[in-house]
Number of protein chains: 2
Amino acid sequence: MAASTELERFPNTGLFLEGRLRHDLSQEEKVELESLVSRVEILPDGHRLISRGDICDHSTMLIDGFMLRTLDSGDRRYGVSFHVPGDFVDLHCFALKRLDHNIECVGQAKVGLVPHERIAEVMKEKPHLARLFWFSTLLDAAMHREWIMKLEQLKVPQRIAHIFAEVWCRLDMVGLAFEDGFDTPLTQADLADMCGATPIHVNRAIGELRKSGIADFNRGEVRICNREKLESFADFEKDYLYGDGALSLRQDGL
Amino acid sequence: MAASTELERFPNTGLFLEGRLRHDLSQEEKVELESLVSRVEILPDGHRLISRGDICDHSTMLIDGFMLRTLDSGDRRYGVSFHVPGDFVDLHCFALKRLDHNIECVGQAKVGLVPHERIAEVMKEKPHLARLFWFSTLLDAAMHREWIMKLEQLKVPQRIAHIFAEVWCRLDMVGLAFEDGFDTPLTQADLADMCGATPIHVNRAIGELRKSGIADFNRGEVRICNREKLESFADFEKDYLYGDGALSLRQDGL
DNA sequence: CGCATCCTTGAGGGCCATCAAAATGCGTGG
DNA sequence: CCACGCATTTTGATGGCCCTCAAGGATGCG
């Protein structure tokens, strides 16, 4: 897979836009991108990278592990998006300056820090790379929109199936999925926060998925025997991920 | 109000970022922005500006009227966001090239078309203005996130109240709200599409809001006698709109 | 082996979908 | 000015999804 050779050359940023528009990055841009990472850190499970309202002067590339964007309301946490390796998780905060949400590690994570002054340089001197940065934040927005629709459309068992289908697909794009599923440190309680349901109901919904042979979830191991069945149950259409679906930009260039 | 003098000078783009970071635009940038509009059009109710999958070579500034971003699934339409005058509604498609969603007029709308080649020039030569363009698309993403949380958190009557509170607040920022509410061509069926509910249930929910004195809705006229009551019922916290709330950037500059 | 975390199970009630139908308001044309 | 068609709003009855309260079982770690 392309991802592994890219990772050898660019250990910190080799997965950025992999499966999407990475092919549109020139060698020079890839080198420039890798050089933006000023420091690499390992963060423990549950670590909160950024809290709502923080003013920040750097953004974070997720190199290894998983992260969750959350919002708090009342005394509950709600998940609004999920991140996999290769995601430039808080590139947003370069333009927003103050983030509207929290970013938390799910399991241990390895991240690369990118100072905003370097991104400002890119804005001034590398418009094409800047445009791809912009693209990557809009990809998040497209995923948000899909999730809004799915929340409006689907019941809880299907919502969970949709999360499984999306994460599996995204891990596939960066070469981290297995034939029959994927591993993630997500708990049933995390899934509940992402679905707007109670952990109790999520548990029952997962039981249903298991019983009907759609997916199995046990302590972070998601196993799927029939991809088609999962995706049709969840009404999952991968186009919105801008990989190789109908919205793909591969053949167009920018 | 500031909005009206800005509109005299910049009839097509005078509301862009009004109430948010418009103060951060220099006179020169405002002139540049206004000059980007190559053509103004009036579009009829229900007109579909862009459909999912279209490749487009221009973006659209909403000058007057309202628009809805939608996604279709099964044989139903789902609303994922709502637009008011001053919104650069499909700036996204400059970087995405192919849009993942549809954009439709709700009522008659007046729009300004901006060719992508002009935006590409801005990217090359006006990094600060480019950054504000980026900001405006991230504002959409922040609104998406809030809506995801609200869908996870709220029942239908509160969702409707939240839509009322948000739209009222956004119209206020661009000087288009009344003391006691606002007007919009939205129907109960549109609200249903935005809430993921049936029109029937939306009707009953509106009845509840009316009975409990939270808000009245009749053929597009939203009337609210007690703002505080509405906002607390909907759990509406306007920070995420990046106006004058806790996340405001006014005092920081960029 | 105790403890914390995570997962599982049961009973009762409220929210919202579906099916079915009707009333209201508005624009158009006779 | 009225008749008509159409979109929009309103109402009623039944059933399924998911919440809450309450408790119990499994797994891994020190």
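Just so it is clear: chains get the letters A, B, ... in the order the sequence lines come, proteins before strands, and each one is counted from 1.
A salt bridge is absent between A:D183 and A:R219; no separation between the charged side-chain nitrogens and carboxylate oxygens falls under 4.0 Å. The pair A:R39-A:E41 meets the salt-bridge criterion, with a side-chain N (NZ, NE, NH1 or NH2) lying under 4.0 Å from an Asp/Glu carboxylate O.
When the local axes at the two ends of the helix from C:dC1-D:dG30 to C:dG30-D:dC1 are compared, using 5 base pairs at each end, they differ in direction by 40° after rounding to 10°.
Residues A:E208 and A:R204 fail the side-chain proximity criterion, which asks for heavy atoms closer than 4.5 Å. Annotation: side chain of A:D190 is not in contact with side chain of A:F82 (no heavy-atom distance under 4.5 Å). Side-chain contact check for A:S73 versus B:K150: some heavy-atom pair is nearer than 4.5 Å.
For A:R210, the salt bridge (charged side-chain N to carboxylate O under 4.0 Å, His left out) partners are A:D216, not counting sequence neighbours. Legend: residues meeting salt bridge (charged side-chain N to carboxylate O under 4.0 Å, His left out) with A:D180, ordered by chain and number and at least two apart, are A:R223. With sequence neighbours left out, A:H101 forms a side-chain hydrogen bond (donor to acceptor under 3.5 Å, both in side chains) with A:R69, B:R145. With sequence neighbours excluded, the residues satisfying salt bridge (charged side-chain N to carboxylate O under 4.0 Å, His left out) with B:E231 are B:R227. A:Y240 meets the ring-ring contact (aromatic ring centres under 6.0 Å, His included) test with no other residue; sequence neighbours excluded. Looking at residues two or more places apart in sequence or on another chain, you find a salt bridge (charged side-chain N to carboxylate O under 4.0 Å, His left out) between B:R48 and B:D72, B:E104.
Using modelled atom types and a 3.5 Å distance limit, the side chains of A:D45 and A:Q108 yield no donor-acceptor pair. For the 3.5 Å distance criterion, the side chains of A:T137 and A:D140 fail to qualify, holding no donor opposite an acceptor.
Taking every nucleotide of DNA chain D with any atom under 4.0 Å from a non-hydrogen atom of chain B, the first and last of them, 5' to 3', are D:dT8 to D:dA13. In the 5' to 3' direction, nucleotides of DNA chain C lying under 4.0 Å from heavy atoms of chain A begin and end at C:dC6 to C:dA11.
Between B:A192 and B:R76, the shortest heavy-atom contact is O-NH2, 3.3 Å.
Judged by closest nucleotide on DNA chain C, A:R219 is the one of B:E208 and A:R219 placed further toward the 5' end.
Across residues 144-168 of chain A, not one residue has a non-hydrogen atom less than 4.0 Å from an atom of DNA chain C. Within residues 196-205 of chain B, the residues having any heavy atom under 4.0 Å from DNA chain D are, by residue number, B:I200, B:N203, B:R204.
Within the structure, salt bridge (Lys or Arg N to Asp or Glu O under 4.0 Å) pairs that include any residue of residues 80-89 of chain B comprise B:D87-B:R170 (at least two apart or interchain).
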